[in-house]
Engineer: 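Below you will find the structure I want to go over with you.
We're numbering straight along the sequence, starting at 1.
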Amino acid sequence: MMKLEPIFRWVTAILITGAAVSELTRQPTAMTGLEALGYPPTLVWILGPAKLAAVAALILRPRTDVARAAWLGLWINLAGAVASLALASAAPWPDAVVAPTYLVWISIGALLHERAVRGKEKP
């Protein structure tokens with residue numbers, strides 16, 4: 001049987017690294033999304049490094065409480081983004097599609113992490 005947890009972990013790491021780099025390099029799409037939701041542009045200096053720290057935890061410390069904290073932090077970030085988009089008068093593209101999709105992906109990844117940690121998925 002194919003092990004899904006490592007696939008979700010690595011794909012998440014790639015996707016979140018891309019998001020963090022986009023924020024840290026202040027790409028127009030990232031900055032427009034923050035502005036449209038009413039957040040200050042300086043928020044990228046909090047979110048970007050936090051996302052990179054989460055990626056490091058997922059890759060360097062898989063199946064540990066550190067990775068569990070990373071999954072939780074990513075989930076909270078995306079849940080907040082989805083809530084902000086839901087409450088916004090106009091949801092910016094592509095955030096209106098990407099954030100909910102990432103939230104579902106991260107939710108599944110976190111559940112697979114828990115299964116792997118509990119031994120229900122063989123290493």
Engineer: For residues A70 and A54, report the shortest heavy-atom separation together with the two atoms involved.
Structural biologist: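 That closest heavy-atom pairing would be CB-O, 3.6 Å.
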Engineer: Shortest non-hydrogen contact from P62 to A67?
Structural biologist: CA-CB, 4.2 Å
Engineer: Taking it one step at a time, do W45 and L24 satisfy side-chain contact (heavy atoms from CB on, under 4.5 Å)?
Structural biologist: CA-CA 7 Å; W45 303 117; L24 291 172; 3.6 Å; yes
Engineer: Please work out whether the ring planes of W105 and F8 are parallel, tilted or perpendicular, with thresholds of 30° and 60°.
Structural biologist: parallel
Engineer: Counting only heavy atoms from other residues, nucleotides and ligands, does the tally under 6.0 Å from CD of E35 exceed 12?
Structural biologist: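 Open: at most 12 neighbouring heavy atoms sit under 6.0 Å from CD of E35.
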Engineer: Going by the side chain to side chain contact (heavy atoms under 4.5 Å, CB included) test, name the single residue among T101, L111, L74 that passes it with I106.
Structural biologist: L74
Engineer: Looking only at non-hydrogen atoms, find the nearest pair between G33 and P92 and report the distance.
Structural biologist: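 Smallest heavy-atom distance, with atoms named: CA-CG, 3.9 Å.
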Engineer: Do V44 and M31 pass the side-chain contact (heavy atoms from CB on, under 4.5 Å) test, and can you show the C-alpha distance, the side-chain angles, and the key distance before you say yes or no?
Structural biologist: CA-CA 8 Å; V44 296; M31 301 313 291; 3.8 Å; yes
Engineer: Verify the cluster assignment for I76 and L58: are they in a single hydrophobic cluster under the rule of side-chain heavy atoms below 4.5 Å apart?
Structural biologist: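 Yes: a chain of side-chain contacts under 4.5 Å links I76 to L58.
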Engineer: With no hydrogens and no angle check, do the side chains of T25 and Q27 hold a donor and an acceptor under 3.5 Å apart?
Structural biologist: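 Yes.
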Engineer: Do the side chains of V21 and V55 join up, straight or via other hydrophobic residues, at under 4.5 Å, putting them in one cluster?
Structural biologist: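 No.
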Engineer: L15 and V98: same hydrophobic cluster, using ILVMFWY side-chain contacts below 4.5 Å?
Structural biologist: yes
Engineer: Test side-chain contact (heavy atoms from CB on, under 4.5 Å) on R63 and E5 and set out the steps.
Structural biologist: CA-CA 9 Å; R63 298 187 182 192; E5 187 271 336; 3.6 Å; yes
Engineer: Applying the side chain to side chain contact (heavy atoms under 4.5 Å, CB included) criterion to P100, which one of L78, V82, D95 satisfies it?
Structural biologist: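 Going through the options one by one, the only one that passes is V82.
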Engineer: Can you find a heavy atom in the side chain of P41 that is under 4.5 Å from one in the side chain of L34?
Structural biologist: no
Engineer: Under 4.5 Å between side-chain heavy atoms, hopping through other hydrophobics if needed: is there a path connecting L112 to V104?
Structural biologist: yes
Engineer: Counting only N and O atoms by type, is there a donor-acceptor contact under 3.5 Å from the side chain of T32 to the main-chain atoms of T29?
Structural biologist: no
Engineer: W71 and S107: side-chain contact (heavy atoms from CB on, under 4.5 Å), yes or no, with the steps?
Structural biologist: CA-CA 8 Å; W71 284 112; S107 297; over 6 Å; no
Engineer: Taking a hydrophobic cluster as the set of Ile, Leu, Val, Met, Phe, Trp and Tyr residues connected by side-chain heavy atoms closer than 4.5 Å, whether directly or through intermediates, do V97 and L85 fall within one such cluster?
Structural biologist: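 The answer is no; the residues belong to distinct hydrophobic clusters.
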Engineer: For the pair S84 and Y39, evaluate side chain to side chain donor-acceptor pair (under 3.5 Å) and give the outcome as yes or no after the intermediate values.
Structural biologist: CA-CA 10 Å; S84 293; Y39 291 110; 2.5 Å; yes
Engineer: Is the shortest side-chain heavy-atom distance between H113 and R68 below 4.5 Å?
Structural biologist: yes
Engineer: Pick out which of I16, L47, L103 makes a side chain to side chain contact (heavy atoms under 4.5 Å, CB included) with N77.
Structural biologist: L47
